[in-house]
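Reviewing the structure listed below.
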Amino acid sequence: MARSRQSQPQTIFKAMVILVALLAGCYLKNRPSPDLPPREPAPVPQETKNRRRRASPVPPGPPGPEGTIVTPKGSDPNLLMGNPSGAMTASSNRNNYLIARKQYALSYNDTEGIPNWVSWRLVSENIGTEERGKFQADPDLPEGFTRITANDYRGSGYDRGHMCPSGDRTSSRADNDATFYMTNMVPQAADNNQKIWAALENDCRELANAGNVLYIVCGPEGKIGTIGKSATISVPESTWKVVMVMPRNAASPSQVTAKTRVFAIKAPNRNGPDIADGNWRKWRVPVRDIEKATGLNFFSRLPTPLQNTLETRTDKE
């Protein structure tokens, strides 16, 4: 019994020591941290960073320079109704090379030294007071392509004939200068260029100023010879133009109907009184005639039945 009484204080003492130790541990764990510099976050492996970037939504950028075909969805307003030859921006595609600018789009034929076609949209805002630019070689042709210069036409007897007209792009210096690249030219007889072609261009601008939007494609057809001092440039047998006229706010192929006005001309590329009178209307033909002569496909973004309706009739307005 005496041994039990003597051990009781020791038991109480041990319990108090344990309690103090527990309290001290709690204090040390929860006390305020000393003023130490913040810990650097653990580095993220580069592979993980890249994975995170790819997972983030990124808006699509511009099409790549090689092998890009424009307008499956009509993103280029100059090709809203379609790409007539499926032209692509591939340097290996030398005779159907796509050049897409703000001012127009075209398919360039490096062998012939002229465009296969040029396509653009025309509204009144494109027409201003800017003066005519100067002819120049196209700086955007791929390496290895022949760069036609203004001098190649000198003494040939043919005009440097605009396809997308200077007069359709006079709202700014940059817009007008773009029409003077030689990739936008074909050799045109003076009466063809200065009479019929000029009269039709003026009438198209009148339609635009009247509150319409025009979708225009034009180009050369056939071959009657060549010109050129430092390059070979084919002289076309005729020039053609296809025009669709729609209300100013039209911006989709879905707005085209069987009543939409479409007209086309195919005029001989020569001089003569029948050309010099400037009466382009007598050279009107169905669009389908130009497709057969050139192998191009106009209005390809329209349903086939609607294409057939628009392309097989001759405009009478």
Exercise. Going from CG on L80 to CZ on R301, what distance comes out if it is rounded to the nearest 0.5 angstrom?
Worked result: 6.0 Å

Problem set entry | CA sep, side-chain torsions, deciding dist, call: M244, M81, side chain to side chain contact (heavy atoms under 4.5 Å, CB included) | CA-CA 9 Å; M244 176 180 284; M81 298 301 161; 3.8 Å; yes

Exercise. Are N176 and E130 close enough that a side-chain donor and a side-chain acceptor fall under 3.5 Å?
Worked result: no

For this session: Quick one: pull up CG in N269 and OH in Y158 and give me the separation to the nearest 0.5 Å.
Result: 6.0 Å

Problem set entry | Any donor-acceptor N/O pair, R248 side chain to S124 backbone, under 3.5 Å | no

Exercise. Any donor-acceptor pair under 3.5 Å linking the side chain of N184 with the backbone of T179?
Worked result: yes

Problem set entry | Closest heavy-atom pair and its distance - N95, N116 | O-ND2, 2.9 Å

For this session: Return the set of residues passing side-chain contact (heavy atoms from CB on, under 4.5 Å) with R147 (not counting sequence neighbours), or none when no residue passes.
Result: A137, L141

Problem set entry | Nearest atoms (heavy-atom pairs only) where L200 meets K241 | CD2-CD, 3.6 Å

For this session: Kindly give the heavy-atom pair with the smallest separation between Q188 and G161, and that separation in Å.
Result: OE1-CA, 3.1 Å

Exercise. If we ignore angles and hydrogens, is there a donor and acceptor under 3.5 Å between the side chains of S85 and N96?
Worked result: yes

Exercise. Quick one: does K282's side chain have a donor or acceptor within less than 3.5 Å of a partner on D274's backbone?
Worked result: yes

Problem set entry | From N308 atom CG to L306 atom CG, the distance as rounded to the nearest 0.5 Å | 9.0 Å

Problem set entry | Sub-4.5 Å side-chain heavy-atom contact between S300 and N83 | no

Problem set entry | Min side-chain heavy-atom separation M163-M185 under 4.5 Å | no

Exercise. Got a second to check how far S238's OG is from R270's CZ, nearest 0.5 Å?
Worked result: 10.5 Å

Problem set entry | Pairs satisfying ring pair (Phe, Tyr, Trp, His ring centres under 6.0 Å), at least one member in residues 193-242, at least two apart | W240-F298

For this session: Might you point out which heavy atoms bring Y108 and T146 nearest each other, and give the distance in Å?
Result: OH-O, 3.9 Å

Exercise. Judged by modelled atom types alone, do D159 and Q194 share a side-chain donor-acceptor pair under 3.5 Å?
Worked result: yes

Exercise. Between V242 and I216, does a side chain to side chain contact (heavy atoms under 4.5 Å, CB included) hold up when you go through it step by step?
Worked result: CA-CA 6 Å; V242 174; I216 306 172; over 6 Å; no

Exercise. Between atom CG of N93 and atom OG of S107, what is the distance when rounded to the nearest 0.5 Å?
Worked result: 7.5 Å

For this session: Indicate yes or no: at least one non-hydrogen side-chain atom of E221 is less than 4.5 angstrom from one of P236.
Result: no

Problem set entry | Short side-chain to backbone donor-acceptor contact, R284 and R281, under 3.5 Å | yes

Problem set entry | Heavy-atom check, side chain of L98 versus side chain of L106, under 4.5 Å | no

Exercise. Could you state the interatomic distance from OG1 (T89) to CD1 (I99), rounded to the nearest 0.5 Å?
Worked result: 10.5 Å

Problem set entry | Greater than 12 external heavy atoms within 6.0 Å of E125's CD | yes

Exercise. Can you tell if the side chain of I148 reaches within under 4.5 Å of the side chain of T183, non-hydrogen atoms only?
Worked result: no

For this session: Search all heavy atoms of V213 against all heavy atoms of A250 and return the closest pair with its distance.
Result: CG1-O, 3.9 Å

Exercise. Within the distance-only criterion (no hydrogens, no angle test), does the side chain of N78 pair as donor or acceptor with the backbone N or O of R121 below 3.5 angstrom?
Worked result: yes

Exercise. Ignoring hydrogens and geometry, is there a side-chain-to-backbone donor-acceptor pair from R173 to E131 under 3.5 Å?
Worked result: yes

Exercise. Please walk me through it: do K195 and N279 pass side chain to side chain contact (heavy atoms under 4.5 Å, CB included)?
Worked result: CA-CA 8 Å; K195 304 299 183 179; N279 181 11; over 6 Å; no

For this session: List the steps, then state whether side chain to side chain contact (heavy atoms under 4.5 Å, CB included) holds for V262 with F299.
Result: CA-CA 11 Å; V262 170; F299 312 135; 3.8 Å; yes

For this session: May I ask you to say whether R261 pairs ionically with D315, meaning some side-chain N is under 4.0 Å from a carboxylate O?
Result: yes

For this session: Examine distances only and state if a side-chain atom of T170 and a backbone atom of S166 form a donor-acceptor pair shorter than 3.5 Å.
Result: no

Exercise. Does a side-chain heavy-atom distance below 4.5 Å link V123 with N212?
Worked result: no

Exercise. Is a salt bridge present between D110 and R94, judged by a nitrogen-to-oxygen distance below 4.0 Å?
Worked result: yes

Problem set entry | Heavy-atom side-chain proximity of P84 to V217 below 4.5 angstrom | yes

Exercise. Which pairs pass ring pair (Phe, Tyr, Trp, His ring centres under 6.0 Å) with one or both residues in residues 114-149, sequence neighbours excluded?
Worked result: Y97-F145, F135-H162, F135-F180

For residues 225-235, which side-chain donor-acceptor pairs fall under 3.5 Å, sequence neighbours excluded?
residue : atom : partner : partner atom : Å
S230    : OG   : D152    : OD1          : 2.8
S230    : OG   : D152    : OD2          : 3.4
S234    : OG   : E112    : OE1          : 2.1
S234    : OG   : K223    : NZ           : 3.4

Problem set entry | Heavy-atom pair with the smallest gap, counting every atom of A150 and R160 | CB-NH1, 3.3 Å

Using distance only, find each side-chain donor-acceptor pair of residues 204-211 under 3.5 Å and give its atom names and separation, not counting sequence neighbours.
residue : atom : partner : partner atom : Å
R205    : NH1  : D168    : OD1          : 2.7
R205    : NH2  : N202    : OD1          : 2.8
N209    : ND2  : R205    : O            : 3.3

Problem set entry | Flag, side chain of N192 to backbone of T239, donor-acceptor distance under 3.5 Å | no

Exercise. Which residue pairs satisfy the side-chain hydrogen bond (donor to acceptor under 3.5 Å, both in side chains) criterion with at least one member in residues 290-299, sequence neighbours excluded?
Worked result: R288-E291

Exercise. Just checking, is any N or O donor in the side chain of N126 or S171 under 3.5 Å from an acceptor N or O on the other one?
Worked result: no

For this session: Can you spot which of D177, D76, D138 makes a salt bridge (Lys or Arg N to Asp or Glu O under 4.0 Å) with R101?
Result: D138

